[in-house]
Amino acid sequence: MKLKVNQEDLYQGIQTTSKAVSSKTTLPILSGILLETQDDKIKLVGTDLEIGIECFVEAEIISEGSIVLPAKYLTSIVRELPSEEIILTTEESNNTAQIKCGNSQFNIHGSPTDEFPLLPEVESGINFSISQEKLKAIIDQIEFAVSDDESKPFLNGGLMLVENGSIKVASTDTYRLAYREDKIDAPNLEVDEIIIPSKTLSELSKLLSDSEDEVQISITENQALFNFSGISIVSRLIEGQFPNYKQVIPDQNSTTAQVNKDRLLSATKRAALLAKQDSNIIKINLKSDKLIITANTPEVGQAYEEVPIDLEGEETEIAFNARYLIDCLKVISDENVNLELSGSLSPGVIKTTSECEYIYVIMPVRSA
Amino acid sequence: MELNIIHVDMDAFYAAVEQREHPEYRGQPVIVGGQSKRGVVSTASYEAREYGIHSAQAMAKAKQLCPDGIYLRPRHDYYKQVSKKIRAVFARYTDLIEPLSLDEAYLDVSTNAENSIKIAKRIKRQIKVELDLVASVGVSYNKFLAKLASDLNKPDGFKIVSPFQAQELIWPMDVSELWGVGPKTEEELKELGLERIADVAQADRLFLIRELGKKGYRLHKLAQGQDPREVSIPGDPKSIGNETTFKQDIAKRSLLQEHLLQLSQKVAQRLQNKEVKGKTVTLKLKYEDFEVLSRSNTIQHYIDNGEEIYELADRLLEKIDLPKKVRLIGVTVSNLVDKKFEQLKLF
């Protein structure tokens, strides 16, 4: 194999695929990135067998071939090379690669490509598409609430389904639940519940752009394929039954407070500075015209914050883990949010006011 | 530098309590401690000490030294009650009480307007009159010297160490009298040619720091009679645990599990008494050759019941091969939270 490629293009491709390369793998070959010529491009592939990422980089192919190179070294070498043309030559008889760029030259030992696992072919499943911007937005609003409790694998990912012209996603760690739905331009499409691993969600979020360009999604029984901007991501799906999220979202409340999101977020962040470190508890008091946040760490001191609100219904108070509140407010872009409560022991709900598309349920902390 | 720190140390506490309860034991050598083959002496009365018996000695050895002594099993619950009454005496004079054990405490009386020497004398007298027990009391301007003082005229001691006397008193002493100097540090100091506290006090501070690190700095200060440690009220415990040394080393897993279950239930009881829950369970094993092993596991939620603690501890035990017999097993719960606050769950 011999080819010429622009340093920046190659670096971007390597960075993209290396996200699927696991740093701690039991299979040495998986710590590498596969490079293979295809027509007038190089195909780059990385995988840890749970997720696989494939992308193409424009190149001037002089002779065809393929090789697997260690991701760690390839990434750092290409990153440091000058922004010029790279000449990549491989010697397939002994699996070495020569990387030349300007006055630099590296000879790197690689591995034969036939040991590298092929990404699973996604057989014809259900296909649909959605704009990159939209998919990124809905992932960002639920990804943070995914559980990392390995004893409950079905919570280690986000739920996704499509019904009645809407795409719906949800995640929960049993203490809080994030739910988001959005219109999708396919009135007859039905996609049953799938659980997408949290790593896939976070890599998607990093790689998707804020553009109207579409993502092609294919879903089979145990895999999902995402195609966008010349990148393919194949992900295993998590088996198991996701909890019934509808049951958990309260359908009525006794208190509704409309509050400016940024003011609530800043006040919560400040009060949290004095929330007891291990449990992070803040207390929220809802009065007719204001919301009062207090936090107390006996050894250090107390915090007091006031935020103006429009209140409907009863005055009430509730205690939350401050982090759960901050996590949610950080990913909301609306100016105002509604905080809905039903007493101090029932779940609190945060909704965006523009459309009823984002719902976040937090369980309170009970204080004796 | 005011004489605000008082150290109260009960004389031969467990033995003295037993002698108080049983007048016939008075004047007799009383030895309190574990009575099994491997028991050790907890406390020996001053009469018993004349036979060369001291705490932490093997019980078998004590019985050799004094075959006619009165040997008693400790009654910890009762001593605890007595200790509470002693602390109630302290509480008349200050809130700043730092108990070190059932029979020993530091008091800081700086907030009490009365003269600290008067307070100390009154505490000693009230313990004698109201509880019929003898305390040795030291008064000084810091913890190190107060404790040293209470030790000086034991038993029935009362000693004041003022800033003017401190140097004269401590400089001739052996370095092992410095707080925090155990056998290992003592050896290190002596290898450096520092035998007396005066040697440490007069040594170059930077030299001590170079040789002993942070400890060198602290020892230099102590040797000058300075101790910055404050009397502090004990805070919430960071962990709660229980362990047991077997009468005979155990090889059988099922037997270990039985002990583990019992310990887990004890720990659970203590967690519940303190109104806390924890999410980290640590299993500790000591093999017959004294090799110690500990394994821990942290879960997502907080627990305080015996079965759950046992289940986690047993899972840790399962992963251990047990190549040797086991001498001791223990279980500890840490990462504690106040149960007054409980994060509720959605489902």
Neighbour count above 12 (heavy atom, 6.0 Å) for A/E239 CD: no

Other residues, nucleotides and ligands only: do more than 12 of their heavy atoms fall within 6.0 Å of OH on B/Y217? no

Going by the rule side chain to side chain contact (heavy atoms under 4.5 Å, CB included), which residues pair with A/K287 if we only count those two or more places apart in sequence or in a different chain? A/N285, A/D289, A/K290, A/I292, A/E315

In terms of heavy-atom contacts, A/R176 and B/L346 come closest through C-CD1, 3.5 Å

Which atoms of A/I281 are under 4.5 Å from chain B, going by heavy atoms: the side chain, the backbone, both sets, or neither? side chain

Could you state the interatomic distance from OH (A/Y175) to CZ (B/F347), rounded to the nearest 0.5 Å? 10.5 Å

Per-residue contact mode, A/L345 against chain B (heavy atom under 4.5 angstrom): both

Against chain B, label A/P364 side chain, backbone, both or neither, depending on which of its atoms sit under 4.5 Å from a heavy atom there. both

Of the backbone (N, CA, C, O) and the side chain (C-beta and beyond), which part of A/T172 lies under 4.5 Å from a heavy atom of chain B, both, or neither? side chain

Chain B heavy atoms under 4.5 Å from A/F320: which part of the residue, side chain, backbone, both or neither? neither

Only distances under 3.5 Å count here; give the side-chain donor-acceptor pairs of residues 80-87 of chain B to other protein atoms, sequence neighbours excluded, each with its distance to 0.1 Å.
| unit_1 | atom_1 | unit_2 | atom_2 | d |
| --- | --- | --- | --- | --- |
| B/S83 | OG | B/L102 | O | 2.7 |
| B/R87 | NH2 | B/S101 | O | 3.1 |

Identify the two heavy atoms, one from B/K345 and one from A/M363, that lie closest to each other, and give their separation to 0.1 Å. O-CE, 3.2 Å

Might you confirm whether atom CD of B/E2 has over 12 heavy atoms from other residues, nucleotides or ligands at distances under 6.0 Å? no

Exceeds 12 heavy-atom contacts within 6.0 angstrom, atom CD of A/E312: no

